[in-house]
> 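I am attaching a structure below and will ask some questions about it afterwards.
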Amino acid sequence: MNIARVIVDVPAKQTDRAFDYKIPSHLEGVILPGMRVVVPFGPRKIQGFVTALQAESDFQQLKSISEPMDLNPVLNQELLTLGEWLTEKTLCYKISAFQAMLPAALKAKYEKKLVMAKNADRKLLPERVSALFQKTEEILWDDAVKSGALPLLQKEASNGNIEIIYQVKERVKKKKVKQVFAAADPNKLADYLQQLPGNATKQKEVLEYFLHEEGPVDQKELFSLFGITSSTIKGLMQKGLLGQRDVEIYRNPFGDREFERTEPLFLTDGQRKAIIPILNSIENNRHETFLLYGVTGSGKTEVYLQSIQRVLENGKEAIVLVPEISLTPQMVKRFKGRFGNQVAVMHSGLSAGEKYDEWRKIQRKEVKVVVGARSAIFAPFENLGIIIIDEEHETSYKQEENPRYHARDVAIERAGNHKCPVVLGSATPSLESFARAHKGVYHLLTLENRMNNQALPSVDIIDMREELREGNRSMFSRKLLEKIKDRLGKKEQIVLFLNKRGHSSFVMCRDCGYVINCPHCDISLTYHRYNQQMKCHYCGYEAPVPNACPECESEHIRYFGTGTQKVEEELAKILPEAKVIRMDVDTTSRKGAHEKLLDQFQDGHADILLGTQMIAKGLDFPNITLVGVLSADTMLHLPDFRSSEKTFQLLTQVSGRAGRHELEGEVIIQTYTPEHYSIELAGEQDYDKFYEREMMVRKIHRYPPFYYISLVTVSHEELMKAVSVTEKITQYIQSKLSAESIVLGPVASPIPRINNRYRYQCLIKYKREPELGLALKKVLDNYQQDIATGGLSVSIDLNPYILM
DNA sequence: AGCACGCCGACT
DNA sequence: GTCGGCGTGCTC
């Protein structure tokens, strides 16, 4: 078994297979499946993943593995197999699947450099070249290109005077601290202490310290303790009195924060009824998917916590997924509070190094629970007892780049491997999941009442067209304003929700109606007030607001649409006494800002919390009695068959923020389309009715959950190329499918151009097409050349969540 | 994805 | 005659 099958780090069709390598004798038994290795590949060296060991290979001229990159495999057998599965399910490259399962820190970094050959005679080198090597031993390739001396250097390389080397490097280093310890016994230290000259005061102090404390001490601590620098330590080390070593440590994103321990709460009848089947499944090692459907505030989290507790008692591990956006300190607190340092947390707010450290805690079995966003589903546990997905309906569980996986699917696959339950929790389940629960594919568990039986808040829907007709042109309806004033008077708190950050959404000329678009994308530019710039959210293009309309030269340029910033300004104008905290991507991007703002609000330092998406979930403050949704329809008109569902879910989630404790809550929803069923039913907080209504719509239009959908998006710099390729793909797919399936296309994408690339697409709706995956694979094969060199891009999503 | 190899046009 | 353009095919 001295041959390794290796998947190399070259994401391309032609290299999407295993390459065999010899394992050099000194590495036999060291190299194991799941390890990262450095291998020679053509003239360069690259990273690869060992997927298996074997005794023989069909290939004649095997090369040898250069070196291992890990002491222990980073992928266990289950994850290796899961990688294969991912590849098939999402049509991605094997290497992409493996990399998606690991923290980004483990992705290789490559360096290409030039060094002088060992036997090269400096004097024989051209002057320009030897001058370059005067300062450094090695020259980075990119620097060589910039210097313009590359042709010369290459010539010397072919003469054998210069070597081109390829290096594979780690992206992130393990964090280490230097520790100092006594390297001699106390007697010897005491002896030396005597011999030291009187002016060596610092050395004396340090030695005296080590007479009592022999143990390793962080060097930093010594520095601050005695006001010394490393030279003092070095001096003592040279005398053989002290020793120094590097110790690996974890970065600690939570500081030395203590989390207050909590005990399991007494379950309500409803919770108890819901948890029994889950515990049953845990005890019997049964793979089963539960849909835990409970209104906001019904205590789903406690059900999760106690299920996990049972899993831990059985010596197994748990994965909890929460949407990125609600992975708030509040959420972390609940899990760390219950399970202490058995919990690892993985979310995008952590640096690459911090994520890597949390991942290593899992890998080393130092923790038993991981709470994290989408990618935490790949946590390298080996003894999973439960997987929980909170806010199951959230679209952020779908990865929108390759591999385009849905965490829910991965969860069910992994739970199948481990014979353990999956719990999907939501107050507003996705139609797909609720339908599956109805069909009995998932086991439906319902929490009907809020804890302490609080009433759901009362919801008022305000028709903003009516307001306009009656002369109210502000963004606040009279009723909302009145209620806000009322709460301000009572010292109760208010949450205002707006689904848009920034200032205005687009810039338009009032005279001719010209909307300023991005020159590279077919999308309007967004106005950002802080720097007076218009920005494209797709390609990053930025430009100042023009003084005059580019079309008609009118100076009546106006900003349309309302963002959080603008609301904040407006509030300051009409309610100057109100203290407002604004929470959106712009105010929470700094580390810890999120928590700080929430703490401020909780401590009553503000009356109004104004924010986007991110305040829709998880907030649980007793003093909130009014929730205002400033514009319910912002997402309703998106070209997306799920827009009604998303609107309903969002409104329901936001409404749930009010009146969770003793005080009763009220919700005001402002809208221009009050008659739309998703808004009307959100007002009535009737999920079941919404489900029925929406299912009818989906059935008529043949969308999920009645049909599966797949989306092929083609893009190219030339419009005609994009169109013709999409046309051919559409025809081919059509010819491969049964009569019940529907192929829509080719049509321009909802955003027909991004970054100067034209985008066309083809949507496939089907009930059963076992051959579709194969056909789509063939499509990719067929256009492989154009994709590789012709600037063509073909992306395939087998279950898209964003149709743009 | 790189990179080498190879086959054609424009220059010392 | 050679330098360098980028099309083609290979990487264990």
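If you're wondering where the values come from, they're calculated on a predicted model, not measured in any experiment.
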> Within 45 degrees of the ring normal and closer than 6.0 Å to the centroid, is that where the cationic atom of A:Arg17 sits relative to A:Phe19?
yes
> Does a side-chain heavy-atom distance below 4.5 Å link A:Gln99 with A:Asp9?
yes
> Mark yes when over 12 heavy atoms from residues, nucleotides or ligands other than A:Lys45 sit less than 6.0 Å from its NZ; otherwise mark no.
no
> May I ask you to check if A:Lys13 and A:Tyr93 form a cation-pi contact, with NZ or CZ under 6.0 angstrom from the six-membered ring centre and within 45° of the axis?
no
> Reading DNA chain C 5' to 3', which nucleotide is the first, and which the last, to come under 4.0 Å of any heavy atom in chain A?
C:dC10 to C:dC12
> Is there a side chain to side chain donor-acceptor pair (under 3.5 Å) between A:Asn756 and A:His520? Walk through the geometry before answering.
CA-CA 5 Å; A:Asn756 284 323; A:His520 313 296; 3.0 Å; yes
> Kindly assign one of parallel, tilted or perpendicular to the pair A:Phe98 and A:Phe49, based on the angle between their ring planes and the thresholds 30° and 60°.
tilted
> Is A:Tyr110 touching bases, backbone alone, or none of the nucleic acid, heavy atoms closer than 4.0 Å?
nothing
> Does A:Ile164 or A:Ile787 map to a spot on DNA chain B nearer the 5' end, using the closest nucleotide for each?
A:Ile787
> Looking for any heavy atom pair under 4.0 Å, which part of the strands does A:Gln14 touch: base, sugar-phosphate only, or nothing?
base
> Which part of the nucleic acid, if any, lies within reach of A:Tyr21 when heavy atoms closer than 4.0 Å are counted: base, sugar-phosphate only, or nothing?
sugar-phosphate
> So what does A:Lys112 touch, heavy atoms closer than 4.0 Å: a base, only the sugar-phosphate, or nothing?
sugar-phosphate
> Is the shortest heavy-atom distance from the side chain of A:Val50 to the side chain of A:Leu32 under 4.5 Å?
no
> Closer to the 5' end of DNA chain C via nearest nucleotide, is it A:Pro151 or A:Pro40?
A:Pro151
> Hey, would you say the A:Tyr707 and A:Phe641 ring centroids sit under 6.0 Å apart?
no
> So where does chain A start and stop touching DNA chain B, 5' to 3', when the test is distance under 4.0 Å to a non-hydrogen atom?
B:dA1 to B:dC3
